[in-house]
Amino acid sequence: MAGAEPRPQIPAPVAGLLATLWRGGQAAYVVGGCLRDALLGRDPADWDLTTDARPERVQALFPRSIYENRFGTVVVRRCGVQYEITAFRRDVSYSDFRHPDAVDFGDSVEEDLARRDFTVNAMAWGGRPGDEPAFVDPFGGRDDLGRRLLRAVGDPDRRFGEDALRMARAVRLAATLDFGVEPETLAAIGRNAALARHVSGERICSELLKLLAADRPSVGLRLMADSGLLEVIAPDLARQRGLGQNKIDGEDLWDHTLRTVDAAPNTPVVRLAALLHDVAKPDTAADGHFRGHDAAGAGMARDFLAGLHAPRVLQERVAHLVRHHMFAYEPNWTDAAVRRFIRKVGPGCIDDLLALSAADNVGSGLPPDAFHLAELASRIQAELATNVVLGRKQLAIDGNDLMAELDVPPGRLLGQVLEDLTERVVAEPALNDRAILLDLARRDISDRRLVDNRSL
Ligand code: ATP
Ligand code: MG
């Protein structure tokens, strides 16, 4: 391989850190995911260094560095970017299927690489200034990189038994890198999938979001399903497998979900909504229909994300999209109907809902703008462009006006009257005038009082 060996492109500040450590008499290497990404020509999320220097020594070499954790990591800032320099480590025993019970400093870079998860993440690169930097690659990481394969370092059953998060990392990395999982490693995920229950919701959530941010999340999602990991992490989604759909010949509901996710724009909200939009179909299936799967699915989507401790806004927005994904636009909708639709969905969610619908169309083997979606989108744009009233806040009067002018006490009646007025104005924007609205409110109040008296 000599001569033709690919060299990673290392940013100048990283090369500077390596040089300082070597000149200080220490061994130091670029290591892990950043080296993998650099060799693949991808922009690494962060650059990590490993060294035989203990944290105190690293701090002495970099006077303004920060050392404030128990894992031997010193953080150095260069040009506003943080770099982590970690002493060689060796993991001791694992008893909770997730964290090593203790972390010891190790003696060699090989030992440090041996505790890492996959061969492509278990390479190091560095060398004395003046010498040609060299790879340390005891597990064949570069060969696996060439084959685009994720292979566990050492015995996969043992490695997943030590830390079950590694299984979620495997399917996530397969999706983000567009790699396969080596058969023995994949089979071990199947045997150990149940251990994923020991991983915290937050960690699963973070891996799932990274997986969904891949160009084709289906690569990882399919591996999750086929290995049995999906059954543990998202049992309701696992039940979509084998459920028939009259959409694409020979494909089931899970295939439809995967196509929809791949077609969805790459934002966490829309990708999650695409993943979960039909989550209630297995539960609601009857006579070839799935009645109420939108409302039931919204609840299930919220519960699933709450179980992963996803941020509350993410839970709510995804549930809202799932709740509304079954609208059936027809070109004969009046402009008022279009405005009522915007009001129901919320102007801030409408673009996401249309994007989800377009993806759902693609997932059903249709063009993205099937069911007149493009026409609906342009009608919505036209309404929004005129600053039309879509909520109470845009009415020409507010609760104070009603209290002052019509003597309405604060409370339920006031809220109902404002709601009625908003509906009237959404349907007929010309009514948004102070005098007209007060007049309408006066009549509304007397009608309501009449009804109340009658029902007494
Ligand atoms: P990315 O940064 O793209 O999310 P990564 O592989 O770089 O992916 P990091 O969390 O940055 O992930 O971890 C850096 C390196 O630490 C990994 O490449 C791997 O060598 C090692 N590593 C991370 N998590 C584990 C784990 N659970 N078990 C063993 N090694 C791990
Ligand atoms: Mg990384």
Side-chain angles (χ1 to χ4, degrees), residues 8 10-11 14 29-51 69 71-73 75 81-94 96-101 103-104 106 109-125 135-142 144-145 149-179 181 185 188-189 192 195-196 198-200 202-215 217 220 229:
I10 304 295
V14 177
Y29 305 88
V30 169
V31 70
C34 57
L35 183 55
R36 171 201 74 210
D37 286 344
L39 289 171
L40 288 171
R42 298 166 54 92
D43 215 5
D46 32 41
W47 288 90
D48 299 318
L49 271 58
T50 188
T51 176
N69 64 50
F71 303 114
T73 300
V75 176
V81 180
Q82 293 200 347
Y83 299 95
E84 294 195 349
I85 305 177
T86 306
F88 296 156
R89 296 188 322 198
R90 110 171 37 105
D91 293 341
V92 184
S93 58
Y94 294 79
D96 67 353
F97 306 108
R98 178 60 193 95
H99 306 95
D101 299 329
V103 179
D104 275 0
V109 63
E110 286 80 6
E111 213 171 21
D112 185 90
L113 296 174
R115 73 181 173 86
R116 293 172 184 269
D117 46 7
F118 304 107
T119 60
V120 294
N121 290 346
M123 302 180 271
W125 185 84
F135 281 100
V136 187
D137 181 15
F139 307 105
R142 278 170 302 168
D144 285 336
L145 206 68
L149 270 188
L150 289 157
R151 180 195 308 270
V153 170
D155 171 20
D157 284 292
R158 206 184 61 129
R159 303 311 309 284
F160 295 142
E162 287 171 353
D163 179 359
L165 177 68
R166 290 171 187 155
M167 296 185 284
R169 281 177 52 84
V171 294
R172 181 268 283 192
L173 286 166
T176 45
L177 305 173
D178 199 9
F179 273 32
V181 178
T185 302
I189 296 180
N192 293 279
L195 297 179
H198 297 279
V199 181
S200 72
E202 287 87 345
R203 295 309 298 261
I204 296 288
C205 188
S206 129
E207 294 301 326
L208 182 62
L209 288 174
K210 286 183 184 178
L211 186 160
L212 289 176
D215 285 345
L229 204 53

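We count ligands from 1, going down the list as the structure has it; atoms in each ligand are counted the same way.
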Assess whether atom CG of D155 is packed by more than 12 heavy atoms of other residues, nucleotides or ligands within 6.0 Å. yes

Would you mind telling me if ligand 1 is within reach of the side chain of M123, the backbone, both or neither, using heavy atoms under 4.0 Å? neither

In terms of residue, atom name and distance, what is the protein heavy atom nearest to atom 14 (C) of ligand 1? D48 OD2, 4.0 Å

Ligand 1 N/O within reach of D163 N/O, cut-off under 3.5 Å: yes

Nearest-contact summary for atom 30 (N) of ligand 1 - protein heavy atom, Å: D117 N, 3.2 Å

Please determine if R166 has a nitrogen or oxygen closer than 3.5 Å to a nitrogen or oxygen of ligand 1. yes

Considering only the protein, which heavy-atom contact is closest to atom 11 (O) of ligand 1, and what is its distance? D46 OD1, 3.9 Å

Has the side chain of R116 got a donor or acceptor atom that lies under 3.5 Å from a matching backbone atom of V153? no

Would R116 count as being in polar contact with ligand 1, using the rule that some N or O on each side must be under 3.5 angstrom apart? yes

Do any N/O atoms on G33 end up under 3.5 angstrom from N/O atoms on ligand 1? yes

R115 heavy atoms, cut-off 4.0 Å: which ligand 1 atoms fall inside? 29 (C), 30 (N)

Got a second to check how far R142's CZ is from D144's CG, nearest 0.5 Å? 11.5 Å

Per side chain to side chain contact (heavy atoms under 4.5 Å, CB included), M123 is matched among V30, V136, L113, L39 by L39

How far is atom 20 (O) of ligand 1 from its nearest protein heavy atom, and which residue and atom is that? N121 O, 2.9 Å

D37 N/O under 3.5 Å from ligand 1 N/O: no

Is the shortest side-chain N to carboxylate O distance from R158 to E162 below 4.0 Å? yes

Interatomic spacing from CZ in R159 to CZ in R115 - rounded to 0.5 Å: 9.5 Å

What are the atoms of ligand 1, with element, lying closer than 4.0 Å to any heavy atom of R172? 1 (P), 3 (O), 4 (O), 8 (O)

The reported gap from OG1 in T185 to CG in D157 (rounded to nearest 0.5 angstrom) is 9.5 Å

So, the side chain of D112 versus the backbone of R89: is there a donor-acceptor pair under 3.5 Å, distance only? yes

Does R36 approach ligand 1 within less than 4.0 angstrom via side chain, backbone, both or neither, non-hydrogen atoms only? side chain

Tell me the protein heavy atom at minimum distance from atom 9 (P) of ligand 1, and give that distance in Å. R169 NH1, 4.0 Å

Closest approach of T176 and K210, non-hydrogen atoms and distance? CG2-O, 3.5 Å

Closest to the Mg ion (ligand 2), which N/O/S atom of D46 is it? OD1

Rounding to 0.5 Å, atoms CZ (R98) and CZ (R166) come to a distance of 8.5 Å

